[in-house]
Amino acid sequence: MKRRQGGFTLLEVLVALTILAVTALAVARQVGGSVGHLQRLEHKTLALSLAENELSRVRDTAGWPSPGAFSRTVTFMEQRWLVATEVNATSDPDLRRITVQITADTGLSDKAPLVSISAYRGRH
């Protein structure tokens with residue numbers, strides 16, 4: 001009687017390699033999605049910080065803010081951002097609504113704001 005040699009057949013090796021390749025592809029796809037999600041969160045966090053800074057700047061300026069809208073491009077954390085600020089009158093003449101929107105300045109004209117925050121300032 002012949003004794004069978006230990007080891008794997010070619011078919012078993014191919015099945016194992018196929019399973020490994022499919023698993024590696026799924027892991028790579030998941031990692032790629034996680035990296036993209038992390039980058040979006042980083043951009044939103046930076047945009048929120050910039051919006052809060054701008055809102056504080058407008059609220060703390062001397063004098064009563066006039067209604068109107070203005071925008072400017074700033075560099076923050078080595079990235080360019082479009083900061084759009086709008087001051088609106090309210091039904092109360094001693095209260096202004098201030099809205100700040102932050103958009104990543106990528107050169108695309110149709111980009112939606114990453115962050116939009118509003119606050120109110122009263123006349124003291």
Side-chain angles (χ1 to χ4, degrees):
M1 208 175 201
K2 281 189 171 179
R3 191 167 177 196
R4 185 172 177 200
Q5 274 188 333
F8 296 105
T9 66
L10 180 59
L11 183 59
E12 291 171 331
V13 170
L14 288 175
V15 169
L17 285 175
T18 302
I19 292 170
L20 180 65
V22 169
T23 304
L25 182 62
V27 168
R29 190 174 291 167
Q30 185 66 29
V31 167
S34 295
V35 168
H37 185 65
L38 183 62
Q39 287 174 338
R40 283 190 299 279
L41 285 175
E42 180 183 0
H43 273 92
K44 280 195 164 237
T45 302
L46 291 175
L48 181 60
S49 178
L50 184 59
E52 289 173 344
N53 290 346
E54 181 69 12
L55 192 57
S56 294
R57 188 185 70 77
V58 172
R59 286 175 47 190
D60 294 341
T61 56
W64 187 236
S66 301
F70 57 93
S71 61
R72 63 190 177 104
T73 302
V74 298
T75 301
F76 179 67
M77 298 296 289
E78 300 179 5
Q79 296 179 17
R80 292 176 52 85
W81 303 91
L82 178 63
V83 179
T85 305
E86 185 175 3
V87 178
N88 294 312
T90 64
S91 59
D92 183 347
D94 291 329
L95 192 64
R96 296 279 195 253
R97 180 176 186 213
I98 305 165
T99 303
V100 177
Q101 292 183 334
I102 307 296
T103 306
D105 187 11
T106 59
L108 300 175
S109 61
D110 234 13
K111 191 107 179 179
L114 288 170
V115 171
S116 179
I117 60 174
S118 296
Y120 292 87
R121 179 176 176 196
R123 188 183 332 219
H124 298 283

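Residues take their numbers from the sequence shown, with the count starting at 1. Just so you know, these numbers come straight off a predicted model, no measurement behind them.
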Review point. Between A84 and S71, which heavy-atom pair has the shortest distance, and what is it?
Key: CA-CB, 3.9 Å
Point to revise | For the student: nearest non-hydrogen atoms of A112 and T103, plus distance | key: O-CG2, 4.0 Å
Check your understanding: Taking all non-hydrogen atoms of both residues, which atom of W81 and which atom of A47 are closest, and how far apart?
Key -> CZ3-CB, 4.0 Å
Exercise for review: State the CD-OG distance between Q101 and S118, to the nearest 0.5 angstrom.
Suggested key: 8.0 Å
Exercise for review: Measure across F76 and S49 and return the closest heavy-atom pair with its distance rounded to 0.1 Å.
Suggested key: CZ-OG, 3.9 Å
Check your understanding: Roughly how far, to the nearest 0.5 Å, is CG of D92 from CZ of R97?
Key -> 15.0 Å
Revision key, fill the gap. Closest non-hydrogen atoms of R57 and F70, given as atom of the first, atom of the second and distance, are NH2-CE1, 3.9 Å
Point to revise | Close side-chain approach of T99 and T85, heavy atoms under 4.5 Å | key: no
Practice item. May I have all residue pairs that pass ring pair (Phe, Tyr, Trp, His ring centres under 6.0 Å) and include part of residues 5-42, sequence neighbours excluded? Key: none
Review point. Are R96 and T90 close enough, and set up right, to give a side-chain hydrogen bond (donor to acceptor under 3.5 Å, both in side chains), and what steps lead you there?
Key: CA-CA 6 Å; R96 296 279 195 253; T90 64; over 6 Å; no
Revision key, fill the gap. Between the NE2 atom in H43 and the CG atom in L41, the distance rounded to the nearest 0.5 Å is 11.5 Å
**Study point:** Main-chain N/O of E78 paired to T75 side chain as donor or acceptor, under 3.5 Å
**Key:** no
Point to revise | Shortest non-hydrogen contact from I117 toward E52 | key: CD1-N, 3.8 Å
Please tabulate, for side-chain N and O atoms in residues 13-24, each donor-acceptor pair with protein atoms closer than 3.5 Å (sequence neighbours left out).
residue: T18; atom: OG1; partner: L14; partner atom: O; Å: 2.8
residue: T23; atom: OG1; partner: I19; partner atom: O; Å: 2.8

Check your understanding: Given a cutoff of under 4.5 Å between side-chain heavy atoms of I, L, V, M, F, W and Y, with clusters grown through shared members, what are the other residues clustered with L95?
Key -> Y120
Exercise for review: Output the distance between atom OG1 (T45) and atom CE (M77), rounded to the nearest 0.5 Å.
Suggested key: 10.5 Å
